[in-house]
Number of protein chains: 2
Amino acid sequence: MRYSIGDVAEEMNLPASTLRFYDRKGLLPFVDRDSAGRRSFKDNDLNFLQVIECMKKCGMTITEIRHFIDLCMQGDVTLMDRYELLEKEAATVKEQIQTLQDQLDFLHYKMWYFKTSVEAETEDIHMVPSGDGRRVAPDIHEQYREALEKCHDLSELIEIERDERKQANG
Amino acid sequence: MRYSIGDVAEEMNLPASTLRFYDRKGLLPFVDRDSAGRRSFKDNDLNFLQVIECMKKCGMTITEIRHFIDLCMQGDVTLMDRYELLEKEAATVKEQIQTLQDQLDFLHYKMWYFKTSVEAETEDIHMVPSGDGRRVAPDIHEQYREALEKCHDLSELIEIERDERKQANG
DNA sequence: CCTTGACTTGAACCATGGTTTAACTAGTAG
DNA sequence: CTACTAGTTAAACCATGGTTCAAGTCAAGG
């Protein structure tokens, strides 16, 4: 049950160069070497790599991940530290999800804005005069919120059907 | 209703240097200049900045955002393109949310793993022999899934109470 | 013996997204 | 007039997260 860097790279769907880079950065202190100096991964090392992948996807930096790995290497005395680190990370991931959800809501508003503009064949319908120029109506978010309350399904508000698109493009 | 770069920086909670950087990158082609060459932002420019901020938070690159801005500058003929760009972006944001949710689930599993280890005062309880060394039990995810099914509330499984922590640390 | 393929290293290179610096200009308060 | 503040630019600088390259080692197969 020993794996070469190539095996692991394939298994984890990562370039081998990235695994070497992580090793250099101290993320893989547990990896053994064979008599020729080649990295020899154990089964359990793959578990570590899964954790590293998770942390990467959570947006943690290499330095932060390394801190966690260092704690792991110190054994049972750091169990609580590791728990608390993950607890904090879980909280920031929840925040990230909330932020993305907020951005998604904004994108939906903008899709409504463009859907209605496409239907009117001009963005003018949302514009009002402002000083010398023009601007989007200041109450546009209000308008959207009202439309949102009245409709039963978000998709009614924001989706342009395929046949409508042909008309709009034609 | 004209704003200096400093006004806008404060309003948007961004360094002025970032606004200048965006301008250089072509993200702010709509910003006017006064007689002394200083940037003079209009009310509507702030709407653009909100869109830019949203796109940044969605993980779009400056090049991608610039493409959208370029479409905006071309007027009503690009309304459908802009709609479709946002539609695609909304889809990728949904994927990002799903990915983060998956990572959060993994973090919860790991919190359970460490909570139980803390209670046992050693990670050994999850270890089995493997070749010459040891590894986390291969069915650990099964074990977690079962525990998850049996319990009524995720927090029962993963949360360590404050008073428990004192015991564990003492 | 020789080639081939997979590995090793350190160093250089790259893209992204800014930030900082130096030198300058314009408007305002004293 | 002086000093100060807020703006301007181009160019240099920075951190992050890799990727690529050059030069070399090793084991296996023909």
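Residue numbers start from 1 in every chain, and the chains themselves are labelled A, B, ... in the order their sequence lines are given, proteins ahead of strands. Remember, predicted model here, so these are calculated numbers, not experimental data.
Counting all heavy atoms, side chain and backbone alike, B/Asn44 lies closest to A/Val136 at OD1-N, 3.1 Å. Pairing each heavy atom of B/Met55 with each of B/Leu86, the nearest pair is CE-CD2, 3.8 Å.
Rounded to an integer number of Å, the gap from CZ of B/Arg20 to P of D/dG7 is 7 Å. With rounding to whole Å, B/Tyr3 atom OH is found 19 Å from D/dG7 atom C1'. Between the CG atom of A/Leu28 and the P atom of C/dT8 there is a distance of 11 Å, given to the nearest Å.
Distance from the side chain of A/Ser35 is smallest to D/dA27 among C/dT9, C/dG27, D/dA27.
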- Message: Within the 4.0 Å limit for protein heavy atoms, which parts of nucleotides 10-25 of chain C are touched? Write it as a string from 5' to 3', B for base, S for sugar-phosphate only, - for none.
- Response: -------SBBB-----
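Contact annotation: A/Arg33 side-chain N/O to C/dT9 OP1/OP2 distance is under 4.0 Å. Under 4.0 angstrom from either OP1 or OP2 of D/dT9 there lies no side-chain N or O belonging to B/Arg38.
Taking a cutoff of 4.0 Å between a charged side-chain nitrogen and a carboxylate oxygen, B/Asp34 and B/Arg2 do not qualify as a salt bridge. For the pair A/Lys57 and B/Asp102, the salt-bridge criterion is not met [side-chain N within less than 4.0 Å of a carboxylate O]. In summary, A/Arg134 and A/Asp124 engage in a salt bridge, as defined by a charged side-chain N under 4.0 Å from a carboxylate O.
Considering B/His126, B/His108, B/His141 in turn, B/His126 is the only one that fulfils the ring-ring contact (aromatic ring centres under 6.0 Å, His included) rule with B/Tyr113.
Overall, the helix from C/dC1-D/dG30 to C/dG30-D/dC1 carries an axis bend of 20° between its ends, with five pairs at each end and the value rounded to 10°.
Within the 4.0 angstrom heavy-atom criterion, only backbone atoms of the sugar-phosphate kind lie near A/Arg39; the bases stay farther away.
Screening residues 73-83 of chain B for side chain to side chain donor-acceptor pair (under 3.5 Å) gives A/Thr122-B/Asp76, A/Glu123-B/Arg82, B/Thr78-B/Arg82 as the qualifying pairs, with residues at least two apart or on separate chains.
Put simply, the side chain of B/Lys115 does not reach to within 4.5 Å of the side chain of B/Ile158, judged on heavy atoms.
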